Structure formats: structure tokens, C-alpha cells
2 protein chains.
Amino acid sequence: MSKCEQSAKPRSQRPDGAANDRMLPLAERLRQGDLLAAACPSRDVLKHVTSRWGVLVLMVLGTGTHRFSALRRKIGGVSERMLAQTLQWLEADGMVARLAHDVVPPHVEYSLTPLGEAVAVHVTALAEWIERAMPAIEAHRRAKATETSAG
Amino acid sequence: MSKCEQSAKPRSQRPDGAANDRMLPLAERLRQGDLLAAACPSRDVLKHVTSRWGVLVLMVLGTGTHRFSALRRKIGGVSERMLAQTLQWLEADGMVARLAHDVVPPHVEYSLTPLGEAVAVHVTALAEWIERAMPAIEAHRRAKATETSAG
DNA sequence: ATAAGTACATACATTTTTGTAAGTATCAAA
DNA sequence: TTTGATACTTACAAAAATGTATGTACTTAT
């Protein structure tokens, strides 16, 4: 039901376009998202996954099941409100599974679904690349700063 | 100069931690970013790269050099203001190169730096995964919707 | 008895992000 | 001559994200 046809742009504009969508039936391919189209629902998923805390939640859950407060302790700076919110987004998108044991005090476990594991791979790769690239990025910033002031 | 040591958590908590940072001198490894630490500058880079338009800009520039208005036409829904803003963030982080020909009317070309090509790989992989996963995600949403109303 | 931990929801305030509209200087087409 | 294209910037406004504080209902530790 996802119609992203607002932007009458054929996907064949991408020089490497043909290689990707092998072996999917035509019907499936038409339902695919197109992030370049303004009104495509895939934009919401992207928003959740790449949200400020979404990336970090996915990263941590990629290392295993966590309880709510364990997540909160690992992810520096999240508020309870935002952590709960983010987990609900990701749960609604089918990336995170919530398992509540009916005891008191509450005990809830969060883990990745198969869908979640797949995104987490990409998100974690991106995050780790950034962590490693930080020295280079800061070097670039310093270079430009001096170039502007003393150049 | 990036000190993310606020969160006294050793990186060895990650089960696969040892495999990644081979062949980097110790001094470099200490300057790495830690996205789980609240005050780490790597969070800003993540913010720029995963910003609403940052992902899409990187994706499009990954297919080749583009002029400002060409980018604007391809990325459905960006305002001029936001496109300019996003390009400046990515330029400051060393991901995007700006080449202005001094003519009138203006002619400016944007392309990826080597750093930018590296992020673009990850960002594009994530984006394309989401596009392909959309049918599954929407199926999951529908399943939960009926489960809640009729279950 | 008091405080802290558990997993949240909710109201409210603030901050951040994003959009809209207008302006700039110049050229070319209608 | 008016319009449109180019690549922006700036001021202002609206929308969205995020934070803070509080409450819940119960247990354990102090």
C-alpha cells in the first residue's frame, strides 16, 4: 500500500540501479520505499532508526537483550521519557521485541527482532565508522579553522 | 583533543571489541569517539550525518557531483534553507567538497570527499535496506493493528 | 520510616529543528 | 519589461523534539 509515486523519477537514474533488486517478484518491487520521494512512509522508518537515541538503542541491543534501566545506564544522557518513546517507535516498526514479566517491581526485557538485527548491522557499522573517523574529522576541522583565521 | 571519558566504561564490554582496532597506534585509539558517552563530539557528527536531509544528501552525492539546485530537485521536500544548512554541516565535517565557479549566475558543484564516500557507503546501505524492508515493516504494522483491534 | 530501584505515563516548559518569505546580483528568454 | 534561473542569506514563525518534574504500586535495604 506504500505509494511513493509523487516524484515521477524512475529509479534507473542510479547508474548502478539494476544490480540490487534481483529475484524479487515485480509486485514486491513496486511496494518498495523511495526515500527521495517526499511523502514516502519509509521516511518515518528512517526517522526512527536514525533518531538521536534510536541509533544508540539499536547499537546496544545489538550486543544482547537489555532491561529498560540497563539501557538507560549504558546510553549516556537519555532521559526515561525519550528512551521509552524511542523503544516504542522501534517496537512499532517491528525492530524491537518487548517482553514484560508480570511481576512487581516490573521486569521488562528488550531485544532485537530479526528485522532489528538487520538494521542494527548497518547502524552499528555507521556508528563505529564515525567513532574511528573522529580523529580525521577533528583534524579536518582544525585545519579549516587555522586556514580561515591565519590564511 | 576529543575526550569522551565522562562515562568510565571500558570499551572491552563489547564482546567483539578486540577485532576492530587493529594496526592503529595506541595514541590514535585513545582519541577515538565513544558515542555512548553523552559529551562526546562524535555525537555531533552522527547528528549531521543522520539528520533528516543529511542521509539523503549523502545518498545522492554518492551517485556523483551535483549542483545545488540539482540536489534540491532530486531530494523531494527539502527547502533551500535546509539544503544549504545540511551541506554546510557536512562540509565542516569534511564529508562534502564545495567548488564554486566564480561566474554569474552562480555555479557551485558539490561532491563527496574521500571521508564522505566512506560514510556514504554506510548511509546508503542503511537507506537501501530500509527501502527494501518497507513491505515487511508495513506488514508488521498491519498485523499489530488488527491484533489490537480484533484480538 | 525513609530512600532507592523498577518501568513506565503524563503535563508542562524549553530547546532545537524546520519551514516560509523575502532579499541579493546578474544574465537570458519571453 | 517582467519572469525565471542561479546559490545562497536573513528574519521570523511554526512545528517537532527533548527535558524536567511528578506520580504509580510495590519491594528491598537502611
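Below, read A as the first sequence line, B as the second, and so on, with proteins coming before strands; counting in each chain starts at 1. Note that the coordinates shown come from a computational prediction; the quantities given were computed from them, not determined experimentally.
- Scored by the ring pair (Phe, Tyr, Trp, His ring centres under 6.0 Å) test, B:His48 finds B:Trp89 as partners (sequence neighbours excluded).
- Rounded to an integer number of Å, the gap from B:Arg72 CZ to D:dA7 P is 11 Å.
- Every side-chain hydrogen bond (donor to acceptor under 3.5 Å, both in side chains) that B:Arg141 has, sequence neighbours left out, goes to A:Asp93.
- Looking at residues two or more places apart in sequence or on another chain, you find a side-chain hydrogen bond (donor to acceptor under 3.5 Å, both in side chains) between B:Glu109 and B:His107.
- Whole-Å rounding puts the B:Leu87 CG to D:dT6 P distance at 15 Å.
- Contact annotation: the side chain of A:Leu61 approaches that of A:Leu71 to within less than 4.5 Å [non-hydrogen atoms, C-beta and beyond].
- Here the closest heavy-atom approach between residue B:Val45 and residue A:Met134 is recorded as CG2-SD, 3.7 Å.
- Across B:Val78 and B:Ile75, no two heavy atoms sit closer than the pair CG2-O, 2.9 Å.
- The nearest pair of heavy atoms linking B:Ala125 to A:His122 is CB-CD2, 3.8 Å.
- Within the 4.5 Å cutoff, side-chain heavy atoms of B:Val96 are placed close to those of B:Tyr110.
- Within the 4.0 Å cut-off from OP1 or OP2 of D:dT6, at least one side-chain nitrogen or oxygen of B:Arg73 is found.
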Please list each protein N or O that sits under 3.5 Å from an N or O in nucleotides 16-20 of chain D, with the distance.
from: D:dT18; atom 1: O4; to: A:Arg81; atom 2: NH2; distance (Å): 3.3
from: D:dG19; atom 1: OP2; to: A:Ser79; atom 2: OG; distance (Å): 3.3
from: D:dG19; atom 1: O6; to: A:Arg81; atom 2: NE; distance (Å): 2.9
from: D:dG19; atom 1: O6; to: A:Arg81; atom 2: NH2; distance (Å): 3.4

N/O contacts under 3.5 Å, protein versus nucleotides 26-28 of chain D?
none

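- Nucleic acid contact for A:Glu109: none, since no nucleic acid atom lies under 4.0 Å from a heavy atom of the residue.
- Contact detail for A:His66 and A:Gly64: the closest heavy-atom pair is ND1-O, 2.7 Å.
- Using a 4.0 Å cutoff to heavy atoms of chain A, the contacted part of DNA chain C runs 5' to 3' from C:dG5 to C:dA11.
- A donor-acceptor contact shorter than 3.5 Å is absent between the side chain of A:Ser69 and the backbone of A:Arg72.
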